[in-house]
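To keep things clear, I will list the structure first and then write my remarks on it.
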Amino acid sequence: MCGSCDYLRLWSGISSNTFLTQPMTQLNVRLYQLLKHVRLLTQTKQIHAQIVFRSLGGSNNLIGELIRSYRTHGKLKSVRKVFSEYPSLPPTFLWNLVIQAYSKTSFTEESLYLFKEMLLYGGRHSLAVPDDYTFTFTITACSRQRTLLAFGQNCHTMVIKHGYDSDVCVGNALVSMYVVYSRTVSAQKVFDEMPQRDTITWTSLVKGYAMNGNMPQAEKLFIKMPDRNEVSWAVMIAGYVGHEMYNDALRCFNDMLAEGNLEPNEAIFVSVLSACAHLGQISQGKWIHFYIDKNGVPKSSNIATSLIDMYAKCGKIDCAKQVFDETDRRDLLTWTSLISGLSMHGLGREALQMFDEMLAKGIKPDNVTLVSILNACSHSGQVEEGIAIFYNMERLWGISPKIEHFGCLIDLLSRANRLEDAFKAVKTMDMDPDVIIWRALLSACRVHGNAGLAERIIHHVIKAGDGGGEGHLLLSNLYASLGQWENVRRIRESKIEKEDISTPGCSYIEIDSVVHEFLAADKLHPRIAEINLKLNEVMKRISLD
DNA sequence: CTAGGGTTAG
């Protein structure tokens, strides 16, 4: 039955006067049971009131359960208050609960502060000595921030001194912490010295190698590990996706299905759909969509978002829209993926319409939504509207423009041939513009044939030392586009040392079950002549309006 | 009476 029915049944025994005839321990147990069953914050508060009213604040189990209940509601202030009102020195168990409560929040320093306080008391009272749980939570707290490695290493030392290094959970927390700080060697060392390991230990280390770009080593461990569960497969597949090894991600996913003993979980679907999107593998994507529907996988916001993104990137915007329409719990991510899909398909007006609908539903955009909507404005010629959104985003939604938003603004201003304004906007940015910004500005100069401004911009770039040292390359490209080959040669000889050997841009699309691969400046496709013919036709039609 | 490992979008 539902929690609230249990709640009513249990509560009725306490609210009446019957409690007076029962011994205190009975009441203790009853409130404890009650706390375990309640779901609502108000119920927790009522029980808390009873505990205070009946002076039961010294009961460990009861206070522990109360802390746990407040924590599940995210009420950290209440957690802290209950803890601080404990009538004597709290036992280790209660310290652990409070340290744990902060360990996965954005205030993990609070866990460390409590841990230090605990050590202070622990020196004088054997009641509050850290144990294996304390170390597990504290080390976990160190892995949630970027700057707590030193503290974590201190904990590691204490762990060894107290002899907790043989504990699997403590060891796992350590491996995972070193992985977060990209200390693969340390992670491997802890792993090697652990007397026993489980699936979590192996998975953490696999993640460590995958995160640091060593996929061969990750693969080797993955094959070697005695047991694999859903999370292990998720780590492996996400590792491939993170390194743009999309075909390997799909192969890995199919291996998992072939083994047949595990069901893919949400994280796996999200990663695999992302791989399909990058490869333009609509058939595999559709198959996964079908699989999700057939197996009754809950259409969470994450799943819906990934499906929408996959269909949009595979060129099936109608399917993307359909998934969106069939999703009943739409959140910011779902809306954003549809808006960005519409924008990518050049359906700027429709994107703006959806944006308005989203705002009307009381959903606040984030920086990704705003990039999409600014792009949509620029692709549908709604220049003034886009500029207005840019200059009001801070006031309306509290999002200060980041470099990617400036990129959109440059695009908007350029389309309106307001190049001087664009240059001015870049100069007033409170961050260093990157090469992408400069390139966007320069290509706008080229489109509008404004060579004078382009030259001024480039000299500004060189003087300011911006563009990651690429200023001279930009200048040489500009001279090349102007046909001033003498200048190109001069710059290339004096300022540019080696040729750019970056890998060429690459894209995929699946048509009639065949995946086509294209490289930038590709001449190798078997039907390149037809493709170029079509491309010319498209370009002609674009330039008509 | 409390642990430790997982994903995405421009």
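The figures here come from the full heavy-atom set of this structure, side chains too, leaving out hydrogens, waters and symmetry mates. Chain letters run A, B, ... following the sequence lines, proteins first and then strands; every chain starts at 1.
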*Yes or no on side-chain contact (heavy atoms from CB on, under 4.5 Å) for A:Thr184 and A:Gln217, after CA distance, side-chain angles and deciding distance?*
CA-CA 11 Å; A:Thr184 318; A:Gln217 183 62 19; over 6 Å; no
*Start with the C-alpha distance between A:Asp167 and A:Phe135, add both sets of side-chain angles, then the distance that settles side-chain contact (heavy atoms from CB on, under 4.5 Å), and finish with yes or no.*
CA-CA 10 Å; A:Asp167 184 276; A:Phe135 283 113; over 6 Å; no
*Can you list the steps and then say if A:Glu266 with A:Asn302 is a side chain to side chain donor-acceptor pair (under 3.5 Å)?*
CA-CA 8 Å; A:Glu266 185 178 305; A:Asn302 275 343; 2.8 Å; yes
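A:Lys104 has its NZ atom 12 Å from the C1' atom of B:dT2, to the nearest Å. The separation between A:Lys36 atom NZ and B:dC1 atom P is 6 Å, rounded to whole Å. Atom-to-atom, CE of A:Met358 to C1' of B:dA9 comes out at 13 Å; the value is rounded to the nearest Å. Put simply, CD1 on A:Ile63 is 15 Å from P on B:dC1, counting in whole angstrom units. Rounded to an integer number of Å, the gap from CE of A:Met236 to C1' of B:dG5 is 15 Å. Between the P atom of B:dG5 and the CE atom of A:Met225 lies a distance of 15 Å, rounded to the nearest Å. Going from atom CZ of A:Arg68 over to atom P of B:dT2 covers 9 Å, rounded to whole Å. Between the OH atom of A:Tyr133 and the C1' atom of B:dA3 there is a distance of 6 Å, rounded to whole Å.
Comparing atom distances between the A:Val231 side chain and each of B:dA9, B:dT7, B:dG5 picks out B:dG5 as nearest. Among the nucleotides B:dG6, B:dG5, B:dT2, the one closest to any side-chain atom of A:Leu97 is B:dT2. For A:Asp131, counting side-chain heavy atoms from C-beta on, the closest listed nucleotide (B:dA9, B:dA3, B:dT2) is B:dT2. For A:Tyr32, taking side-chain heavy atoms from C-beta onward, the closest of the listed nucleotides B:dT7, B:dA3, B:dC1 is B:dC1. If you check B:dG10, B:dG5, B:dT2 against the side chain of A:Asn375, the one that comes closest is B:dG10. Relative to the side chain of A:Lys313, the nucleotides B:dA9, B:dG6, B:dG5 differ in distance, and B:dA9 lies closest. With distances taken from any side-chain atom of A:Thr140 to the nucleotides B:dG5, B:dG10, B:dT8, the minimum falls on B:dG5. Listed nucleotides B:dG6, B:dG10, B:dT8 differ in distance to A:Asn265; the shortest reach to its side chain belongs to B:dG6. Checked against B:dA9, B:dG6, B:dA3, the side chain of A:Lys207 finds its nearest nucleotide in B:dG6.
A:Arg197 has no side-chain polar atom (N or O) that falls below the 4.0 Å cut-off from OP1 or OP2 of B:dG5.
Using modelled atom types and a 3.5 Å distance limit, the side chains of A:Gln188 and A:Tyr209 yield a donor-acceptor pair.
By the 4.5 Å heavy-atom criterion applied to side chains, A:Phe93 and A:Asp131 are not counted as neighbours.
In terms of polar N and O atoms assigned as donor or acceptor, the side chain of A:Asn367 never comes within less than 3.5 Å of the base of B:dG10 in a complementary pairing.
Within 4.0 Å (heavy atoms only), A:Ser204 reaches sugar-phosphate atoms of the nucleic acid but no base atom. At the heavy-atom level, A:Asn60 lies nowhere under 4.0 Å from the strands shown. Note on A:Val168: a base of the nucleic acid sits closer than 4.0 angstrom, heavy atoms only. In this structure, A:Gln100 reaches the sugar-phosphate backbone alone: every heavy-atom distance under 4.0 Å involves primed, P, OP1 or OP2 atoms, never a base. When heavy atoms are screened at a 4.0 angstrom cut-off, A:Asn61 is found touching no nucleic acid atom at all.
Once rounded to the nearest 0.5 Å, the distance linking OH of A:Tyr86 with CD1 of A:Ile67 reads 9.5 Å. Rounding to the nearest 0.5 Å gives a distance of 10.5 Å between OG of A:Ser78 and NE2 of A:His73.
Aromatic ring centres of A:Phe115 and A:Trp95 lie farther apart than the 6.0 Å criterion allows. For A:Phe253 and A:Trp233, the ring centers are positioned 6.0 Å apart or more.
Residues from residues 319-357 of chain A that place a heavy atom under 4.0 Å from any atom of DNA chain B, listed by number: A:Leu333, A:Ser340.
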